[in-house]
Amino acid sequence: MPENPRSPEKRPADPTWFQAPTPAAAGPAKAGVLAAPPRTPPPPGWPRSAVQGPWQSISPWARQWPGAGRPAGAATLAAVVAAAVIAAISLPLDRAGVGWLVTAVAGTVALIVSTTVPARPLPNTPEPLVKRPGPRLRPDRYGWAAATVALLAVGTFRSAGWLFALCLVVATLTGALALAGGGSMRAIAAGYTMPSLAAFRSVRWLGGGAARLRGRAEAAANVRVAATIAVSVALLVVFGALFASADAAFSDAISHLAPAVSAPTVVRWIFVFVVAGLALGGAAFLRAAPPDLTSLDGTEGRKVARFEWAVPLGLLVLLFAGFVAVQLAVLFGGNRHVLETDGLTYAQYARGGFWQLSFVTGLTLVVLAGAARWAPREKPADRLLLRIVLGTLAGLTLIIVGSALHRMNLYADTYGLTRLRLLVACCEAWFGLVLLLVLGAGLRIRAPWLPRVAIAAGVLALLGLAAANPDRLIAEHNIRQDHNLDLVYLGELSPDAVPGLAGLDPARRGCVLGHLDLALRDSPDDWRGWNLGREQARKIIARDLSGSNWSCA
């Protein structure tokens, strides 16, 4: 009879191949029965799997991101809570203001503290058997962190809500790149999902750290801490009230610094504290256990035959060439081509074609990325064909980008510039820059730097647009054109446009300034919402607008 390979005499040396049986009742073990190992409760803050496991993780990206092996340290807890409190006090949810920059700086400092101050090991606990070294941080991760702070700082200088909202969206991408990294588009997309997942994974991690602190604290110490806080608050309230009643200037400063406490204010504080705590906790969790996305950085997939990719892309190149041949006449024809074409107006020519050409440019970038991934490149003939086809396609698309920008420029010169027209023109110019990068990458065929450089170029373009003050550019452009000048639209711009209204005659300028002044009076700023653009606009309006003597007749 064959011997049982899992009998007690032949079992492997590693006892983790079987699950521990249910503990038997107290008493002497029977002969021949394997006694259950004693179960000891895990130390405070440690999951039960630390005693019973380790088990296979079922969390997303478990292979690239195993998570932290220890609970959060006291310094991490204190830094996250302090930064969340600062965010709750200083963050203005309804406008761009300096509070966003204060929150960004506080969060950055909290992450630096959580990274540089390690957590102390638990007493009477064994060291982990396996220590995985974290992935090395690329220098560009610090650049992405600086870009995130710079994007949030736009709210301190520009009051245009649409511009700051766009900066906030892009800041989520640069923040994810700073925390999770990623080289290829697949790795960047995976890293973009990790901060939101880390926010939920950090709850248990931070809870474990809080349990450690609670286990070490004594009841007497808790009483002393509570008493210290109560005495401090009482002293500040009593003496602050006395100083405020003694001096009007100090009272005015206190009223600006300390908001009126009401039920909506308390709800907003709690909401911002919870959201900021989750976001900062997730960021600290990612910094304590950074993912390794190098396995996702492969830019080459399963290769297809030369005929399978060259024929479709070759036909697409011919189609692009035919369209570009027609567009060359348009580019050199200018206004004469529009006027001589039967039934063609500026609006139909520019507005109708720009969006289609922009969509064509975006689709072409997707096609180029797919071809670079699946086209074979082992043989010299494959590499030469890839360079010719993709290079020609990218070059023809550059001409289409020029045609789209020409259409938008013609339309803006005729009907004026708006925020949407300016923004999409900037996006189209960014597409052109990416195509130039693709042409440069085609020299060596392989370019792992391309996705990061393209995103960095977009971030720099957005920061440059913010520095150029787009609302002021729109106002100055439309005033120079003068014909078809829409005063209502100028009055709907942000206060950033006020310095650009100097070219208007006094009557029309008073009308636009009056509308902007009403908007500023309806939403006064406290210190959290202080903004350089609104402050400058208030000074100019107070200087140039004489009281309420303005009209839009």
Side-chain angles (χ1 to χ4, degrees), residues 183-189 296-333 337 341 344 349-350 352-408 424-425 427-455 457-458:
S184 65
M185 289 303 300
R186 183 172 58 166
I188 292 173
L296 301 177
D297 281 340
T299 58
E300 298 185 14
R302 183 181 64 86
K303 301 304 181 182
V304 298
R306 183 186 305 174
F307 177 82
E308 295 176 345
W309 74 268
V311 171
L313 263 66
L315 295 175
L316 189 63
V317 167
L318 293 178
L319 178 63
F320 275 50
F323 181 82
V324 166
V326 176
Q327 288 303 298
L328 290 177
V330 175
L331 290 175
F332 290 107
H337 169 79
T341 303
L344 186 64
Y349 169 73
F354 176 82
W355 298 106
Q356 291 88 333
L357 295 183
S358 299
F359 196 63
V360 165
T361 305
L363 282 179
T364 304
L365 290 176
V366 176
V367 171
L368 291 173
R373 180 174 178 83
W374 288 298
R377 61 188 71 177
E378 290 80 10
K379 300 179 180 179
D382 290 329
R383 293 193 292 272
L384 178 61
L385 183 61
L386 189 66
R387 288 190 178 99
I388 293 175
V389 174
L390 297 191
T392 305
L393 187 60
L396 293 173
T397 310
L398 274 175
I399 300 177
I400 294 177
V401 169
S403 176
L405 291 175
H406 170 73
R407 290 169 183 259
M408 182 52 65
V424 295
C427 291
E428 190 70 21
W430 177 71
F431 284 156
L433 178 60
V434 174
L435 289 169
L436 290 176
L437 294 175
V438 170
L439 288 174
L443 298 177
R444 297 188 59 184
I445 297 296
R446 188 174 181 273
W449 47 266
L450 183 58
R452 295 193 303 272
V453 173
I455 295 174

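With contacts defined as side-chain heavy-atom distances shorter than 4.5 Å, the pair Thr364/Leu368 qualifies. With contacts defined as side-chain heavy-atom distances shorter than 4.5 Å, the pair Phe320/Val360 qualifies. The shortest side-chain heavy-atom distance between Ile188 and Ile455 falls under the 4.5 Å cut-off. With a 4.5 Å cut-off on side-chain heavy atoms, Trp309 and Leu386 count as touching. By the 4.5 Å heavy-atom criterion applied to side chains, Leu313 and Leu390 are counted as neighbours.
Note that CG of Leu435 and CH2 of Trp430 are 10.0 Å apart. Values are rounded to the nearest 0.5 Å. Note: Leu393 CG to Leu318 CG = 11.0 Å, rounded to the nearest 0.5 Å. Atom CG of Leu437 is separated from atom CG of Leu450 by 6.0 Å, given to the nearest 0.5 angstrom.
Of all non-hydrogen atoms in Ala310 and Leu385, the two that sit nearest each other are CB-CD2, 3.9 Å. Nearest approach of Leu439 to Ala394, heavy atoms of both residues: CD2-CB, 3.6 Å. Closest of all the heavy-atom pairs between Ala425 and Met408 is CB-CG, 4.1 Å. Heavy atoms only, all atoms of each residue included: Leu405 and Ala429 are closest at CD2-N, 4.3 Å.
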Q) Passes side-chain contact (heavy atoms from CB on, under 4.5 Å), Val438 versus Thr397? Steps please. A) CA-CA 11 Å; Val438 170; Thr397 310; over 6 Å; no
